[in-house]
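Okay, so here's the structure we're looking at.
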2 protein chains.
Amino acid sequence: MTSTLSQLSPSGIPLYQQVKRAVLAALASGEWVQGEAIPPEKLLAERFSVSIGTLRKAIDELEAENILVRHQGRGTFVAIHSRNQHFFRFFRVVRQDGKKAYPETELQRFRRVRANEEVRAKLALGKGAFVYEFVNLLSLNGDKVIVDTIAVPEVLFRDLTREQLRDRPSTLYSFYQEMFGINVISTSETVRATLADAEHAGWLGVAPGAPLLSVRRVAYSYNKLPIEWRISTLHTGRYEYISQDTSGGS
Amino acid sequence: MTSTLSQLSPSGIPLYQQVKRAVLAALASGEWVQGEAIPPEKLLAERFSVSIGTLRKAIDELEAENILVRHQGRGTFVAIHSRNQHFFRFFRVVRQDGKKAYPETELQRFRRVRANEEVRAKLALGKGAFVYEFVNLLSLNGDKVIVDTIAVPEVLFRDLTREQLRDRPSTLYSFYQEMFGINVISTSETVRATLADAEHAGWLGVAPGAPLLSVRRVAYSYNKLPIEWRISTLHTGRYEYISQDTSGGS
DNA sequence: AAGTGGTCTAGACCACTAC
DNA sequence: TAGTGGTCTAGACCACTTA
């Protein structure tokens with residue numbers, strides 16, 4: 001992969017966007033790997049025959065999209081969506097006093113089934129497609145708080161097993177990344193109030209008929225490809241769902 | 001307001017951030033008004049004695065935060081948070097089929113009271129401070145869906161009256177903007193499940209004990225100044241609360 | 001000390017909008 | 001045509017990390 005950029009830009013597309021696409025192409029081709037540093041800015045600027053300012057503008061956007069991470073003095077790295085910071089971007093349940101904690105997960109159920117109509121719609125699957133469907137019970141500070149019912153397309157998660165899920169050493173989304181090369185980069189959620197049915201009441205240790213939150217999520221990879229559908233059922237007795245507006249601030 | 005920037009930067013804070021703060025200060029002081037253009041970049045660069053590139057970096061961030069809007073060839077404008085696009089950034093309730101609609105509002109209650117401890121904490125008010133507290137019932141497509149209990153500091157909303165609220169021609173936040181010069185630029189929300197009490201059941205036309213969402217919001221202006229505290233109680237029988245993650249994409 | 005990204009400059013030229 | 005923001009350059013110097 002030399003890829004000195006197609007040299008010509010008759011399209012009128014800004015140079016920095018062409019550079020951005022070229023960097024994305026190099027990432028998608030596997031030229032640079034998860035967690036590894038990409039070449040320094042000066043080298044990249046030469047490779048693409050642009051000034052360093054233009055190169056930086058391209059990298060700026062890739063960093064804003066959580067695809068690259070820069071560290072002053074060390075280099076620019078391919079982002080890892082693992083435990084530390086990124087976890088709480090997608091995990092939005094905290095104790096009512098604001099304290100964040102990592103959940104403990106117990107796999108309750110696992111099966112391979114044909115996707116029903118709702119799941120096919122959410123995951124953009126064709127009729128007859130299979131999904132892996134599993135249920136996790138999540139605890140925070142020892143309290144059973146969340147039941148996640150999750151469906152992922154078989155075609156993207158070939159040969160996923162119950163054991164892999166149960167024994168994974170890291171978060172679910174970094175497991176997706178490490179084992180299947182699938183990156184979750186955005187989600188879309190809706191929230192409703194429901195009453196606990198017998199099964200969820202049992203899992204969460206509440207009375208049937210207790211009020212619960214039902215959070216429905218579609219998770220997307222690059223190009224808005226849907227890769228996971230989940231229904232999270234939350235007991236908000238001592239916890240709550242948070243929804244920050246990240247645009248503003250000073 | 002000359003404000004040529006304090007000239008000295010012993011603090012080691014990057015210049016463009018100092019410029020950003022200075023622009024925010026000019027906005028907060030009312031020097032530039034809603035929907036009006038701010039001075040051109042070249043002028044601002046001279047005023048703050050920085051290069052145009054540095055000035056642009058400051059404006060870049062303010063645009064990313066929806067505080068300014070740039071239009072090539074026309075100028076840079078103070079963002080208007082009014083009806084059209086911005087409304088649905090803060091109004092996050094849609095019908096379960098995804099259809100968005102503007103709510104109709106009925107003012108149910110209005111009073112001036114001393115803030116209790118919770119409200120004082122959320123709005124960063126001192127002991128004994130007064131707030132205006134009012135209750136709105138919101139309908140979507142003719143369905144009564146939301147009860148908003150809202151508190152705003154008297155010190156920021158001097159002489160707010162029941163009649164002003166009832167007769168306002170626009171959304172609540174553009175009313176804040178037009179009548180009091182207060183801009184909502186970010187919010188922080190938490191969500192819990194509750195059961196309808198008698199009063200809310202009556203307003204929403206549900207049985208007492210029906211499951212409802214309780215959304216608690218603090219709305220902020222520039223510099224993270226809290227300007228409104230509200231508890232929204234939602235009936236999610238046919239509607240739902242949405243929470244998009246806007247960071248990703250390519 | 002060497003190498004990385006972060007900031008900042010002082011322009012040039014282009015694309016778009018208004019008049 | 002004049003004025004606006006958008007792109008791009010070719011550096012200089014600073015702050016941080018690693019050895």
Side-chain angles (χ1 to χ4, degrees), chain A residues 4-23 26-27 32 35-80 84-85, chain B residues 4-23 26-27 32 35-80:
Chain A
T4 80
L5 220 49
S6 16
Q7 220 73 2
L8 305 175
S9 54
S11 38
I13 296 173
L15 246 189
Y16 76 92
Q17 285 187 26
Q18 298 180 44
V19 171
K20 185 179 165 189
R21 292 187 71 89
V23 172
L27 283 167
W32 306 316
E36 296 286 304
I38 70 175
E41 298 182 341
K42 216 156 81 176
L43 265 181
L44 286 177
E46 285 171 12
R47 163 164 163 180
F48 295 129
S49 306
V50 299
S51 79
I52 214 150
T54 301
L55 187 276
R56 279 185 62 80
K57 185 152 184 180
I59 302 294
D60 280 347
E61 295 203 351
L62 292 167
E63 188 181 30
E65 292 170 14
N66 298 306
I67 293 170
L68 297 176
V69 180
R70 285 198 275 219
H71 291 289
Q72 187 176 31
R74 296 209 290 136
T76 302
F77 299 79
V78 184
I80 296 184
N84 308 330
Q85 307 80 5
Chain B
T4 80
L5 220 49
S6 15
Q7 219 70 4
L8 303 176
S9 53
S11 38
I13 296 172
L15 245 189
Y16 75 92
Q17 284 187 26
Q18 299 180 43
V19 172
K20 187 179 165 190
R21 292 187 70 90
V23 172
L27 283 167
W32 305 317
E36 295 287 303
I38 69 173
E41 298 183 340
K42 217 156 80 177
L43 264 181
L44 286 177
E46 286 171 12
R47 164 162 162 181
F48 297 129
S49 306
V50 299
S51 80
I52 214 147
T54 300
L55 188 274
R56 279 185 62 80
K57 186 152 185 180
I59 303 294
D60 280 347
E61 296 203 351
L62 292 167
E63 188 181 30
E65 293 170 13
N66 298 306
I67 294 171
L68 298 176
V69 180
R70 285 198 274 218
H71 292 288
Q72 188 176 28
R74 296 209 287 135
T76 302
F77 299 79
V78 184
I80 297 186

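So that the names make sense, note that chain A is the first sequence line, chain B the second, and so on, each numbered from 1. No hydrogens, no waters, no symmetry mates; every other heavy atom, side chains included, goes into these values.
In this structure, CZ on B:R56 lies 11.5 Å from OG1 on B:T54, to the nearest 0.5 angstrom. To the nearest 0.5 Å, the span separating NZ on B:K57 from CG on B:L62 amounts to 13.0 Å. Here the CG-CZ distance, from B:L55 to B:R47, works out to 10.5 Å after rounding to the nearest 0.5 Å.
Regarding contacts with the backbone of D:dT7, every side-chain N or O of A:T54 stays at 4.0 angstrom or more from both OP1 and OP2. In this model, the phosphate group of C:dT7 is approached by a side-chain N or O of B:Y16 to a distance below 4.0 Å at OP1 or OP2. In this model, the phosphate group of C:dG6 is approached by a side-chain N or O of A:R56 to a distance below 4.0 Å at OP1 or OP2. The side chain of A:T76 contributes an N or O atom lying less than 4.0 Å from OP1 or OP2 of C:dG5. Not one side-chain nitrogen or oxygen of A:R70 sits closer than 4.0 Å to the OP1 or OP2 atom of C:dT4. Side-chain N/O atoms of A:K57 include one lying less than 4.0 angstrom from OP1 or OP2 on D:dT7. Note on B:R74: a side-chain N or O is less than 4.0 Å away from OP1 or OP2 of C:dA18.
Of the two residues near DNA chain D, A:Q17 and A:Q72, the one whose nearest nucleotide lies more 5' is A:Q17.
B:E41 has its CD atom 16 Å from the P atom of C:dA10, to the nearest Å. Counting to the nearest Å, the P atom of C:dG3 and the CG atom of A:L44 are 17 Å from each other. If you take CD1 of A:I13 and C1' of C:dC14, they are 16 Å apart, rounded to a whole angstrom. The distance from atom CG of B:L55 to atom P of C:dT9 is 10 Å, rounded to the nearest whole Å. One interatomic measurement links the two molecules: CG of B:L62 to C1' of D:dG5, which rounds to 15 Å at whole-angstrom precision. Counting to the nearest Å, the C1' atom of D:dC14 and the CG atom of B:L15 are 13 Å from each other. Separating the NE2 atom of B:H71 from the P atom of C:dT17 is a distance of 10 Å, rounded to the nearest angstrom. One can place CD1 of A:I38 at 19 Å from P of C:dG3, the figure rounded to the nearest angstrom.
Candidate nucleotides D:dA15, D:dG5, C:dG11 were compared by shortest atom distance to the side chain of B:I52, and C:dG11 ranks first.
Nucleic acid contact for A:K42: none, since no nucleic acid atom lies under 4.0 Å from a heavy atom of the residue.
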Output side-chain donor-acceptor pairs under 3.5 Å for residues 68-77 of chain B, partner residues at least two apart or in another chain, one line each.
unit_1, atom_1, unit_2, atom_2, d
B:R70, NE, B:E63, OE1, 3.4
B:R70, NH1, B:E41, OE2, 3.2
B:R70, NH2, B:D60, OD1, 2.1

Step-by-step side-chain contact (heavy atoms from CB on, under 4.5 Å) determination, A:F48 to A:V23: CA-CA 10 Å; A:F48 295 129; A:V23 172; 3.9 Å; yes
